[in-house]
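Structure, as structure tokens:
We count ligands from 1, going down the list as the structure has it; atoms in each ligand are counted the same way.
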Amino acid sequence: FISSQSFQEEDLRGKTAVVVDVLRASSTMITALYNGAKGVIPVADMGDASKISQNLDSSHYLLSGEKDGVKIEGYDLGNSPLDYSREKVEKKTIILNTTNGTKAIKRAGLAEEIVIGSFLNLEALLDHLQAVETDIGLVCAGWKGRLALEDLLCAGNIIYELTGGNLPENVQDGAKVAFGLFEKFGDDIEQAVKTSNYAVRLKDIVSEEDISYCCQLNRMHVLPVMKEGIISDFYGK
Ligand code: MLT
């Protein structure tokens, strides 16, 4: 178990990495794929986004993302999952650039497999994790290197379900903390997330509707998985 961004990239070698950015990059990617986006290309910065977009036909992609929660000027979409409707994203490739989420995906690069998790796709994620034979590393995106309650709470929910609510003693401290957090706040995830640093920090930028949306459990049976730089749905046709 690996929390926040304080890991060595080598730690994930040979593991299945689950990147968790509940608010909002994970939730946005899950929603985009659910609504028929062809794929999501996560990029670490605006430079990468424009390099990639230069090689694509502009009618086939959407340039998307935020800086500090705010839509980047000139981009087609920001990072509100509610904007990723079927009308907007179906059959499009999304080039996504976010403050923490897409950077965390980039840093998980040495993992055997990278999947994206959030509350929205918890069941789809667990179905997959229960079947994998590798160790699992949970990468909580956090905020600029700091821990974020919503990501740790979601990691705790994943650990709780994977262990049937009985945490073995020999797990890492991060897993114990996440598990304990879920035991304390798991009964009302939305209420806990609404008190998070993120919700307070971005209260004038990110709507309460966005936060409530991202706290819903099992809304979508979608599992974003990264292959050769593109994220698509593991369960998709
Ligand atoms: C991130 O990557 O830090 C988040 O997705 C920020 C946001 O919610 O816009």
Should the ring pair Trp143 and Tyr198 be called parallel, tilted or perpendicular, given that the plane angle runs from 0 to 90° and is split at 30 and 60? perpendicular
For the OH atom on Tyr34, are there more than 12 heavy atoms of other groups (residues, nucleotides or ligands in this structure) within a distance under 6.0 Å? no
Tell me if the CD atom of Glu209 is crowded by more than 12 foreign heavy atoms within 6.0 Å. no
Side chains of Glu113 and Val225: does their closest heavy-atom pair fall under 4.5 Å? yes
Backbone or side-chain N or O of [X] under 3.5 Å from ligand 1 N or O:
X	answer
Gly69	no
Thr102	no
Thr98	yes
Gly101	yes

From Thr98, Thr28, Asn97, residue fulfilling side chain to side chain donor-acceptor pair (under 3.5 Å) relative to Asn79: Thr28
Examine the proximity of ligand 1 to [X] and report which part, side chain or backbone, both or neither, has a heavy atom under 4.0 Å away.
X	value
Arg24	both
Asp21	side chain
Asn79	side chain

Out of Val22, Leu23, Asn100, whose heavy atom sits nearest atom 4 (C) of ligand 1? Leu23
Looking at Asp68 and Lys144, does any basic side-chain N land under 4.0 Å from a carboxylate oxygen? yes
Protein heavy-atom partner closest to atom 6 (C) of ligand 1 - residue, atom, separation in Å: Glu66 OE2, 3.2 Å
the protein heavy atom lying closest to atom 8 (O) of ligand 1 turns out to be Tyr198 OH, 2.5 Å
Between Lys194 and Ser212, is the side-chain hydrogen bond (donor to acceptor under 3.5 Å, both in side chains) condition met? List the steps. CA-CA 8 Å; Lys194 282 191 168 157; Ser212 304; 3.1 Å; yes
